[in-house]
2 protein chains.
Amino acid sequence: MTARTPDSARDIPEATVARLPVYLRALTGLAEDGTTTCSSEELAATAGVNSAKLRKDLSYLGSYGTRGVGYDVEYLRYQIAREIGVTQDWPVVIVGIGNLGHALANYSGFRSRGFRVVALLDADPSRHDEVVAGLDVRSFEDLESIVAEHDVSIGVIATPAVAAHAVAERMVAAGITSILNFAPTVLSVPDGVDVRKVDLSIELQILAYHEQRKAVSPGSEDVS
Amino acid sequence: MTARTPDSARDIPEATVARLPVYLRALTGLAEDGTTTCSSEELAATAGVNSAKLRKDLSYLGSYGTRGVGYDVEYLRYQIAREIGVTQDWPVVIVGIGNLGHALANYSGFRSRGFRVVALLDADPSRHDEVVAGLDVRSFEDLESIVAEHDVSIGVIATPAVAAHAVAERMVAAGITSILNFAPTVLSVPDGVDVRKVDLSIELQILAYHEQRKAVSPGSEDVS
DNA sequence: CTCGTTTTGTTCTCCCGTTCACAAACTCCT
DNA sequence: AGGAGTTTGTGAACGGGAGAACAAAACGAG
């Protein structure tokens with residue numbers, strides 16, 4: 001079943017992919033502190049995971065450590081960055097410049113990690129004279145030309161829920177193949193398009209569930 | 001091993017807990033459309049999951065459906081809301097009123113789902129004269145008194161990374177037992193305190209990884 | 001050169017979650 | 001009343017990830 005792509009077919013488990021950015025950040029922190037070498041134990045502690053899990057995760061990328069010594073911080077950092085793809089620059093479009101869109105446009109963590117916001121779009125004409133984070137807010141009608149011009153493949157949806165699906169469809173039609181969706185809606189997209197969803201109120205509801213259980217049966221919390 | 005809490009010990013799997021809010025939202029949507037009854041197939045399609053998984057998830061709560069008929073939308077909605085705990089009101093404190101804090105304070109999805117923002121705190125005195133979403137931005141020094149006054153158990157951290165850990169420790173000391181962390185930092189907290197992390201740039205990096213793989217070997221995307 | 005120490009990379013086992021498949025149960029029609 | 005058609009709830013197989021444990025490899029001391 002896995003014999004479609006014979007070489008370079010390192011199919012890294014999804015759970016590992018989700019942790020690689022965490023390791024990347026931990027390594028950046030170590031590098032800034034002047035650390036040049038670290039053991040899996042140290043790095044795992046910094047990243048907040050088990051050291052065995054960390055070593056297994058890294059082993060999917062290759063053998064970048066030295067037994068008896070550890071990992072070279074800068075070297076490993078580059079290898080992970082290359083594997084994720086953040087050594088190159090990813091142009092990003094943000095649609096929906098409300099409160100959340102503002103925050104995302106101004107978020108410095110994107111730029112510093114290889115993501116460049118190339119355009120801010122909003123369907124509301126009254127927002128089009130605004131300048132946010134040094135960029136003009138432009139009409140949603142400009143989506144296609146912007147995507148074509150900057151070769152954008154990643155789009156961020158920060159619109160109200162009702163608008164999200166129409167925005168997603170038009171993004172896909174324009175050639176975008178990865179969507180980060182902040183609207184509380186289920187998006188159905190064609191195969192080949194990836195969607196990740198961030199839902200703020202769902203996170204709070206999960207916390208509320210556990211909080212409620214703490215109140216009912218205190219002490220049965222730290223079992224797992 | 002499971003015989004610690006004899007009754008009411010419905011230990012709902014974590015994966016199921018994370019989906020219950022999704023079902024809740026789907027049911028609310030159906031109810032607004034005037035639907036009074038739905039099958040697991042319909043609800044699953046609305047929520048974007050497999051129908052067998054939906055039925056198994058719901059079975060952890062009890063038998064709230066009718067064979068041959070389906071589920072009563074309003075009844076099931078109430079049961080899930082009660083299980084999660086969103087039938088009651090949860091007071092919430094937000095610390096760090098920058099761009100993201102603004103967006104969170106104004107987010108209407110919290111209020112409509114049983115969460116009430118009772119205070120906005122920031123360490124920067126120059127922000128203390130601001131009014132955001134109808135609330136005064138107050139000093140972080142007021143944390144303890146606010147938590148005590150409103151019986152707050154949920155805190156949201158929207159500060160820069162460097163401040164996050166100190167904020168978390170003080171929250172825990174003040175009596176908060178659930179934290180939603182937007183800062184890109186690993187928080188270590190005592191047992192009994194739940195932390196959920198939302199990291200915007202990590203989500204984008206995961207998308208970038210898949211995007212990069214699409215470019216290298218197109219077609220090996222829709223395997224899984 | 002050899003031996004002991006350290007740390008990685010990997011194997012093995014266990015557990016959680018997903019999915020299939022089917023029996024139980026309910027409704028509707030004749 | 002009885003049978004056909006639906007839909008839930010659940011038992012069982014399956015796959016993937018987490019963690020423990022260990023062998024392989026590198027370094028340093030004597």
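So you know, we letter chains A, B, ... as the sequences are listed, proteins then strands, and number each from 1.
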Would you indicate which nucleotide in [options] comes nearest to any side-chain atom of [X]?
X     : options                : result
B:R19 : D:dT10, C:dT18, C:dT8  : C:dT18
B:S63 : D:dT8, D:dG9, C:dT8    : D:dG9
A:A15 : D:dA18, C:dT27, C:dA25 : D:dA18
B:N50 : C:dT10, C:dT19, D:dG9  : C:dT19

Would you say [Y] and [X] are linked by a side-chain donor-acceptor pair, where the criterion is simply a distance under 3.5 Å?
X      : Y      : value
B:R213 : B:Y209 : yes
B:D194 : B:S178 : no
A:S153 : A:D151 : no

Let me know the distance between [atom1] of [X] and [atom2] of [N], rounded to the nearest Å.
X     : N      : atom1 : atom2 : value
A:L58 : D:dG19 : CG    : P     : 15 Å
A:D11 : D:dG15 : CG    : P     : 15 Å
A:D72 : D:dA26 : CG    : P     : 16 Å
B:E41 : C:dT19 : CD    : C1'   : 13 Å
A:Y60 : C:dG9  : OH    : C1'   : 12 Å
A:Y71 : C:dT8  : OH    : P     : 5 Å
B:R55 : C:dC22 : CZ    : P     : 14 Å
B:Q79 : D:dT8  : CD    : P     : 17 Å

Q: Give one of base, sugar-phosphate or nothing for B:E14, where a contact means two heavy atoms less than 4.0 Å apart.
A: sugar-phosphate
Q: Check whether any side-chain N or O of A:S40 sits under 4.0 Å from OP1 or OP2 of C:dT8, and answer yes or no.
A: yes
Q. Does the side chain of A:R67 get closer than 4.0 angstrom to OP1 or OP2 of C:dT10 through an N or O atom?
A. no
Q. Would you say the base of C:dT10 and the side-chain of A:K56 have a donor-acceptor pair closer than 3.5 Å?
A. no
Q: Take A:V69 and A:D57, find for each the nucleotide of DNA chain D with the closest heavy atom, and name the residue whose nucleotide sits nearer the 5' end.
A: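 That would be A:D57.
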(Q) For a 4.5 angstrom cut-off between non-hydrogen side-chain atoms, does B:L43 reach B:L76? (A)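 Result yes, sub-4.5 Å side-chain heavy-atom pair found.
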Q) Considering only heavy atoms from C-beta outward, does the side chain of B:R82 approach that of A:Q212 to under 4.5 Å? A) no
